[in-house]
Amino acid sequence: DGGITQSPKYLFRKEGQNVTLSCEQNLNHDAMYWYRQDPGQGLRLIYYSQIVNDFQKGDIAEGYSVSREKKESFPLTVTSAQKNPTAFYLCASSPAGTSGSNTDTQYFGPGTRLTVL
Amino acid sequence: ILNVEQSPQSLHVQEGDSTNFTCSFPSSNFYALHWYRWETAKSPEALFVMTLNGDEKKKGRISATLNTKEGYSYLYIKGSQPEDSATYLCAFGEYGNKLVFGAGTILRVKS
């Protein structure tokens, strides 16, 4: 089955700790994205990557970091610098990266709900 | 940052009712408009991608129209069924292969 997996489904973190959210895809997609959802708001872009070993900041990158060492993997680290990390995090991918366009459909994972205690 | 607005925020209808919601977006520098359906406990799934003014797309009982000159898109559901209950998201395709999402319209269909 092709798709996007995110783990874990639920994650609890103490204040001051860094935590890494996993995102893996076997769709052979070039582009990958991380979004954050808060109640009453749309999905907001944290980081995106159009090709391996390259990524760009989205609208709310502060307090987050990513890596893209492999085409199929795009982990997101929520650092202690992120002031309000409790949220639902969605990972997505789309087929074409630098040659893609904004008509490309994005395919989403099931999400990770992060709660800071 | 672009602003994409959706209305209403939520909608409760009876089975068999037809319904529609609105997505408003900037009318300048338009590239594409996406609609997604997000059912509870599942991942968002693409419904339509629309690029041309006057575009109309249809999938079963769901259809969408696009007006890029005035910056809005309508999503219509004919004869709503309980399985249509979901959050419907629209997203503006921004330059550089990025999407800007609205907050969504939550639809609940009662049987």
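This structure is a prediction, so every number in the text was calculated from the model and none was measured.
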The residue among Tyr35(A), Tyr48(A), Tyr33(A) that forms side-chain contact (heavy atoms from CB on, under 4.5 Å) with Leu99(B) is Tyr35(A)
Is there a donor-acceptor pair under 3.5 Å between the side chain of Thr105(A) and the backbone N or O of Ala46(B)? no
Hydrophobic clusters here meaning ILVMFWY residues chained together by side-chain heavy-atom distances under 4.5 Å, can you tell me if Ile60(A) and Trp34(A) are in one? yes
I need the Leu45(A) CG to Glu94(B) CD distance, nearest 0.5 Å. 8.5 Å
Chain A contact via Phe92(B) - which portion, at a heavy-atom distance below 4.5 Å: neither
Do Leu90(A) and Leu21(A) belong to the same hydrophobic cluster, where Ile, Leu, Val, Met, Phe, Trp and Tyr are linked whenever their side-chain heavy atoms lie under 4.5 Å apart, directly or via other members? no
Given the rule that I, L, V, M, F, W and Y join up when any side-chain heavy atoms are under 4.5 Å apart, are Leu43(A) and Tyr47(A) in one cluster? no
Are Ser43(B) and Ile4(A) packed together at the side-chain level, in the sense that at least one heavy-atom pair is separated by less than 4.5 angstrom? no
Note: Val49(B) and Thr103(A) closest approach over all heavy atoms is CG1-O, 3.6 Å
Atom CD in Glu45(B), atom CZ in Phe108(A): separation rounded to 0.5 Å? 11.0 Å
Taking atom CD of Glu83(B) as the centre, report whether more than 12 heavy atoms of other residues, nucleotides or ligands fall under 6.0 Å from it. yes
Joint cluster assignment, Tyr36(B) & Leu47(B), ILVMFWY side-chain distance < 4.5 Å: no
Is Val4(B) linked to Trp35(B) within one hydrophobic cluster, defined over Ile, Leu, Val, Met, Phe, Trp and Tyr using a side-chain heavy-atom separation of less than 4.5 Å? yes
Quick check: are there more than 12 heavy atoms from other residues, nucleotides or ligands sitting under 6.0 Å from CD of Glu15(B)? yes
Of all heavy-atom pairs between Gly40(A) and Ala103(B), which one has the smallest distance, and what is that distance? O-CB, 3.6 Å
Nearest-0.5 Å distance, NE2 of residue His34(B) to CD of residue Gln106(A): 7.5 Å
